[in-house]
Colleague: 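I am attaching a structure below and will ask some questions about it afterwards.
Note: hydrogens, waters and symmetry copies are ignored here, and every other heavy atom, side chains too, is used.
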Amino acid sequence: MKKITLCLMLLLTSLQFVTAQEKAEIKFDTTTHNFGTFSESNPIVSHVFKFTNIGGSPLVIHQAVASCGCTVPVYTQEPVMPGESGEIKVTYNGTGKYAGHFKKSITIRTNAKTEMIRLFIEGDMTEKEKEK
């Protein structure tokens with residue numbers, strides 16, 4: 001009986017220790033970027049979103065998914081330690097797309113307190129003929 005009580009106490013103590021650990025927390029410098037106006041003759045534009053792990057344990061990005069195939073996110077693959085920074089590079093390719101305004105989202109899934117964050121890019125692509 002004493003062994004069972006001791007085992008239960010050890011189990012409860014270890015569970016409290018695990019739940020007391022501080023989670024990772026991601027903080028972006030900015031979550032939106034406007035490319036402004038760019039030409040259809042140079043339809044590929046990129047921006048780097050920088051973030052910092054302000055939590056107490058390593059931050060892992062599990063997934064970065066764009067709202068369409070014309071937008072490609074590339075992100076830091078290794079865990080980001082507390083206090084360190086990482087980045088997500090987002091490239092928009094307007095080749096074969098209609099000129100005009102666009103707004104795209106990138107969904108980031110992590111092990112942080114806030115497990116899902118959305119980043120946004122937008123801009124205006126002008127037609128080749130309308131350039132001067």
Side-chain angles (χ1 to χ4, degrees):
M1 190 66 162
K2 289 182 181 181
K3 287 182 181 179
I4 293 174
T5 306
L6 180 62
C7 287
L8 284 174
M9 287 177 51
L10 286 172
L11 180 64
L12 287 174
T13 304
S14 63
L15 284 175
Q16 287 177 343
F17 177 73
V18 169
T19 57
Q21 288 184 354
E22 206 176 320
K23 288 190 92 173
E25 192 170 344
I26 191 167
K27 182 177 185 329
F28 281 91
D29 293 346
T30 180
T31 57
T32 61
H33 179 73
N34 189 330
F35 290 109
T37 302
F38 61 95
S39 169
E40 188 177 18
S41 59
N42 290 319
I44 301 173
V45 290
S46 295
H47 176 71
V48 176
F49 289 95
K50 296 187 186 265
F51 64 87
T52 304
N53 178 1
I54 60 171
S57 62
L59 171 71
V60 178
I61 298 177
H62 298 298
Q63 190 178 43
V65 179
S67 59
C68 76
C70 60
T71 305
V72 178
V74 177
Y75 57 93
T76 303
Q77 297 289 321
E78 59 276 349
V80 178
M81 295 298 144
E84 294 186 3
S85 297
E87 57 185 40
I88 299 174
K89 180 179 181 183
V90 178
T91 302
Y92 172 77
N93 186 346
T95 305
K97 304 292 180 196
Y98 289 109
H101 185 77
F102 68 90
K103 184 169 185 174
K104 305 295 178 185
S105 67
I106 301 89
T107 303
I108 311 299
R109 296 189 187 278
T110 70
N111 69 329
K113 286 181 184 177
T114 306
E115 294 177 1
M116 185 180 78
I117 297 173
R118 283 210 173 84
L119 305 175
F120 297 94
I121 58 168
E122 65 180 309
D124 291 290
M125 186 168 69
T126 58
E127 294 180 28
K128 291 179 188 177
E129 301 85 49
K130 292 186 178 183
E131 298 169 13
K132 292 184 180 179

Colleague: What heavy-atom pair brings F102 and D124 nearest, and what distance separates the two atoms?
Modeller: CE2-N, 4.2 Å

Colleague: Is a side-chain N or O of S105 found less than 3.5 angstrom from the main chain of S67, in a donor-acceptor match?
Modeller: no

Colleague: So, taking the atom named CD1 in I88 and the one named CD1 in I106, what distance separates them when rounded to the nearest 0.5 Å?
Modeller: 8.5 Å

Colleague: Taking all non-hydrogen atoms of both residues into account, name the closest pair between H33 and F49 and its distance.
Modeller: CB-CZ, 4.0 Å

Colleague: In Å and rounded to the nearest 0.5 Å, what is the OG1 to CZ distance from T31 to F120?
Modeller: 7.5 Å

Colleague: In a check of side chain to side chain donor-acceptor pair (under 3.5 Å) between E122 and each of K104, H101, K103, which one passes?
Modeller: H101

Colleague: Quick one: CD1 on I54 to CD on E84, what's the gap to the nearest 0.5 Å?
Modeller: 14.5 Å

Colleague: Yes or no on side-chain hydrogen bond (donor to acceptor under 3.5 Å, both in side chains) for T126 and S39, after CA distance, side-chain angles and deciding distance?
Modeller: CA-CA 5 Å; T126 58; S39 169; 4.7 Å; no

Colleague: Between M125 and V72, is there shared hydrophobic-cluster membership here, with clusters defined by ILVMFWY side-chain heavy atoms closer than 4.5 Å?
Modeller: no

Colleague: What's the spacing between L119 CG and T30 OG1 if we round to 0.5 Å?
Modeller: 9.0 Å

Colleague: Would you say the side chain of I26 lies within less than 4.5 Å of the side chain of T114, judging by non-hydrogen atoms?
Modeller: no

Colleague: With a 6.0 Å cut-off on the ring centroids, do F35 and Y92 count as close?
Modeller: no

Colleague: Taking all atoms of both residues into account, what is the closest heavy-atom pair of G55 and P82, and its distance?
Modeller: O-CB, 3.3 Å

Colleague: Any chance you could measure S46, atom OG, to I121, atom CD1, to the nearest 0.5 Å?
Modeller: 9.0 Å

Colleague: Which heavy atom in A112 sits nearest to a heavy atom in K23, and how many Å separate them?
Modeller: O-NZ, 3.9 Å

Colleague: S57 and A24: which non-hydrogen atoms are nearest, and at how many Å?
Modeller: OG-N, 3.1 Å

Colleague: Are I108 and I61 packed together at the side-chain level, in the sense that at least one heavy-atom pair is separated by less than 4.5 angstrom?
Modeller: yes

Colleague: Do you reckon V45 sits in the same ILVMFWY cluster as Y75, going by side-chain contacts under 4.5 Å, direct or chained?
Modeller: yes

Colleague: Going through the checks in order, is the side-chain contact (heavy atoms from CB on, under 4.5 Å) test met by H62 and N111?
Modeller: CA-CA 7 Å; H62 298 298; N111 69 329; 3.7 Å; yes

Colleague: What are the two closest heavy atoms between P43 and T95, and how far apart are they?
Modeller: CG-OG1, 3.3 Å

Colleague: Walk me through whether K113 and E25 qualify under salt bridge (Lys or Arg N to Asp or Glu O under 4.0 Å).
Modeller: CA-CA 6 Å; K113 286 181 184 177; E25 192 170 344; 3.6 Å; yes

Colleague: What distance do L59 atom CG and S85 atom OG have between them, rounded to the nearest 0.5 Å?
Modeller: 10.5 Å

